[in-house]
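Take a look at the structure set out below.
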Amino acid sequence: MGEHRRDIDIAVIGAGVLGLATVDSLARRGADVVCFDGRVPGSGLSGGLTRTFRHRHDEERHVALAVEGRAGFAAWERRSGRVLIGDEGAVYAGMGPADVKGLALHGVPHYFAPSARQDEIFPVLAPVDGPLLVDPGAGAIRAKHTISALAGWAGDRIVQADIHSVTVPRDGQGVEVQTTEAIYRARHVVIAAGTEVPRLAAGVGFDIPLEARLHVRPHFRVREDAAGKTLPCWVDRTGAYGETVYGSPIGDTGKYVVGLIGTDVDIPFGPDGALPPGSSTEDQARRVISYVRRAMPGLDPEPVGVRVCVMTKLPGGSDALRAWHTDGVTAVAGHNLFKMAPVLGELLADSAQNNRLPEKLAEAGAGSLVAS
Ligand SMILES: Cc1cc2nc3c(=O)[nH]c(=O)nc-3n(C[C@H](O)[C@H](O)[C@H](O)COP(=O)(O)OP(=O)(O)OC[C@H]3O[C@@H](n4cnc5c(N)ncnc54)[C@H](O)[C@@H]3O)c2cc1C
């Protein structure tokens, strides 16, 4: 090792939920791993208080990953001594038998409840036509508690540094990581840098079609009638109240977050932060408020707060997940990945130790974008 550089075995770029889960898995295997993040852990896509854990996905392999994710969260709960996924369950409107094939295949408990039972299942809701699908093992992920447990376990393996670039050096020895702190050489680098994955992974030749979009999440106070009742996570695909939405309780704060789902809702923005002419986050907030006013009378439709978040999207559906690998580097990107973090952390750790994509990750990305 020269004086000018530091040699390490594995570098993980990003202390979001995926990077931290990878570091945790590697640390438990006794690997030598350093995690880089320029900001406080959990400041990126993993920020905020709540995420939905749900088993249902359109693709059967994503259901399988969710099942493993749930088991991984249970293990994290045992180690941390904290509840990380509540027992609220998830309820979906607008689903039919074809939508639960993956659940059935993987033995995930679920049932269709007649609309007559709606008040008992989801007491803040206006009447919804058709049965509600119930996923009782789902619930609201305590995102902040999860990040704080993982960051605690990672401890001083986290180095606060911005990564400028990841490149294969001319001498072919390892992978070079240019940071604000030092020049590192790693045997393997895992790029789990959220919105920055395409930029950093371009240095080793990946062309990653990840788009960043702004997404508005107003949250609402639960009215007195329903206060204290357990409210499930919510997915409304019917459009009967003018929008398709998701919703989630924020722990036991008495607040409930609602966001729009659909291809036209989130606002693309470029690296310079400019929004397309005529687009407005206010419009998104207004649409959510109008939905809540009509469809969720148990919530006070005057939001108590609004977060504007960045979402990432890959081509291939709202639950898309892909991993890329080349000699010495693995990169990961996708959309709704918080719920799968424990299993993705294990798989990314495998890829760093074995220098190849484990089959499940290659499959999750349909294989087509796996480099070399
Ligand atoms: C509004 C919203 C709602 C969501 N809802 C759900 C849901 O209900 N269920 C679900 O499962 N998932 C959901 N997701 C998705 C989920 O939150 C993300 O898939 C997940 O958090 C991604 O984690 P990550 O570790 O890949 O990225 P991040 O959390 O973004 O972590 C990447 C880290 O890399 C760091 N970084 C980036 N560039 C550099 C650099 N150059 N140098 C050093 N560090 C760098 C960043 O600071 C950041 O901390 C939602 C996301 C959003 C935004």
Side-chain angles (χ1 to χ4, degrees), residues 11-23 34-57 62 65-66 69-70 73 85 90 138-141 143-144 146-147 150-151 158-166 177-181 189-203 210 212-219 233-235 245-249 257-261 265-266 284 306-314 318-323 331-345 348:
V12 174
I13 304 178
V17 73
L18 295 190
L20 290 171
T22 308
V23 171
V34 177
C35 179
F36 296 101
D37 201 306
R39 296 192 281 168
V40 173
S43 304
L45 301 172
S46 308
L49 294 176
T50 190
R51 292 290 183 281
T52 298
F53 180 93
R54 61 181 156 86
H55 290 99
R56 207 213 71 82
H57 289 78
H62 292 158
L65 287 173
R70 190 71 183 81
F73 267 99
I85 299 183
I141 301 174
K144 209 169 188 166
T146 304
I147 294 292
L150 288 167
I158 302 175
V159 170
Q160 187 168 16
D162 267 326
I163 306 299
H164 302 302
S165 69
V166 180
V177 183
Q178 307 283 348
T179 85
T180 46
E181 293 305 299
V189 177
V190 176
I191 305 177
T195 53
E196 290 293 297
V197 169
R199 187 178 70 76
L200 293 175
L210 189 73
R213 289 168 179 248
L214 287 189
H215 176 84
V216 175
R217 269 163 81 95
H219 48 277
C233 300
W234 175 231
V235 177
V245 308
Y246 69 89
S248 173
V257 64
V258 182
L260 302 176
I261 47 182
V265 295
D266 295 331
Q284 248 192 70
V306 178
R307 288 187 71 228
V308 179
C309 317
V310 177
M311 289 271 203
T312 48
K313 288 220 189 288
L314 286 172
S318 67
D319 287 318
L321 150 69
R322 286 195 188 142
V332 65
H335 185 198
N336 275 311
L337 305 184
F338 208 113
K339 65 177 106 66
M340 296 167 179
V343 56
L344 293 179
L348 291 165

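Atoms within a ligand are numbered from 1 in the order they appear, just like the ligands themselves.
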Which residue owns the protein heavy atom closest to [atom], what's the atom, and how far is it?
atom: atom 34 (O) of ligand 1; value: Gly14 CA, 3.2 Å
atom: atom 44 (N) of ligand 1; value: Gly38 N, 3.3 Å
atom: atom 51 (C) of ligand 1; value: Arg51 NE, 3.7 Å
atom: atom 53 (C) of ligand 1; value: Val310 O, 3.0 Å
atom: atom 41 (N) of ligand 1; value: Ile163 O, 2.9 Å
atom: atom 33 (C) of ligand 1; value: Asp37 OD2, 3.3 Å
atom: atom 30 (O) of ligand 1; value: Leu45 N, 2.7 Å
atom: atom 26 (O) of ligand 1; value: Leu18 CD1, 3.4 Å

- Output, in order, the C-alpha distance, side-chain angles, deciding distance and verdict of side-chain contact (heavy atoms from CB on, under 4.5 Å) for Arg51 and Lys339. CA-CA 8 Å; Arg51 292 290 183 281; Lys339 65 177 106 66; over 6 Å; no
Between [Y] and [X], is there a side-chain heavy-atom distance shorter than 4.5 Å?
X: Asp266; Y: Lys313; result: yes
X: Val235; Y: Ile261; result: yes
X: Gln178; Y: Ile163; result: no

Applying a heavy-atom cut-off of 4.0 Å, say which part of [X] lies close to ligand 1: side chain, backbone, both or neither.
X: Lys339; answer: both
X: Ala161; answer: backbone
X: Ser46; answer: both
X: Ala192; answer: backbone
X: Leu20; answer: neither
X: His164; answer: neither

- Indicate, with yes or no, if the rings of His215 and Tyr246 have centres closer together than 6.0 Å. yes
For [X] against [Y], the heavy-atom pair lying closest together:
X: Ala201; Y: Ala331; result: CB-CB, 4.4 Å
X: Ala140; Y: Pro249; result: CB-O, 3.6 Å
X: Gly48; Y: Ala143; result: O-CB, 3.6 Å
X: Leu20; Y: Ala15; result: CD1-O, 3.5 Å

Ligand 1 and [X], any nitrogen or oxygen pair closer than 3.5 angstrom?
X: His335; answer: yes
X: Leu337; answer: yes
X: Gly42; answer: no
X: Asn336; answer: yes

- Is there a donor-acceptor contact under 3.5 Å from the side chain of Ser43 to the main chain of Arg39? no
Below 4.0 angstrom from a heavy atom of [X], which ligand 1 atoms are there? Numbered from 1 as shown, please.
X: Asp162; result: 42 (N), 43 (C)
X: Arg199; result: 41 (N)
X: Cys309; result: 1 (C), 53 (C)
X: Phe338; result: 10 (C), 11 (O), 12 (N), 16 (C), 17 (O), 19 (O), 21 (O)

- Query: Any idea how Phe53 and Phe73 line up, ring-wise: parallel (<30°), tilted (30 to 60°), or perpendicular (>60°)?
  - Reply: perpendicular
- Message: Would you call the rings of His62 and His57 parallel, tilted or perpendicular, taking 30° and 60° as the class edges?
- Response: perpendicular
- Task: Please work out which of Arg213, Glu196, Arg54 has its closest non-hydrogen atom nearest to atom 39 (C) of ligand 1.
- Result: Glu196
- Item | Residue selection (non-hydrogen contact nearest atom 3 (C) of ligand 1) among Arg39, His215, Gln160, Arg217 | Arg217
- Message: Consider side chain to side chain contact (heavy atoms under 4.5 Å, CB included). Of Thr50, Val258, Val308, which one does Arg217 pass it with?
- Response: Thr50
- Message: What I want to find out is whether Asp319 reaches Arg54 closely enough, with some N-O distance under 4.0 Å, to be called a salt bridge.
- Response: yes
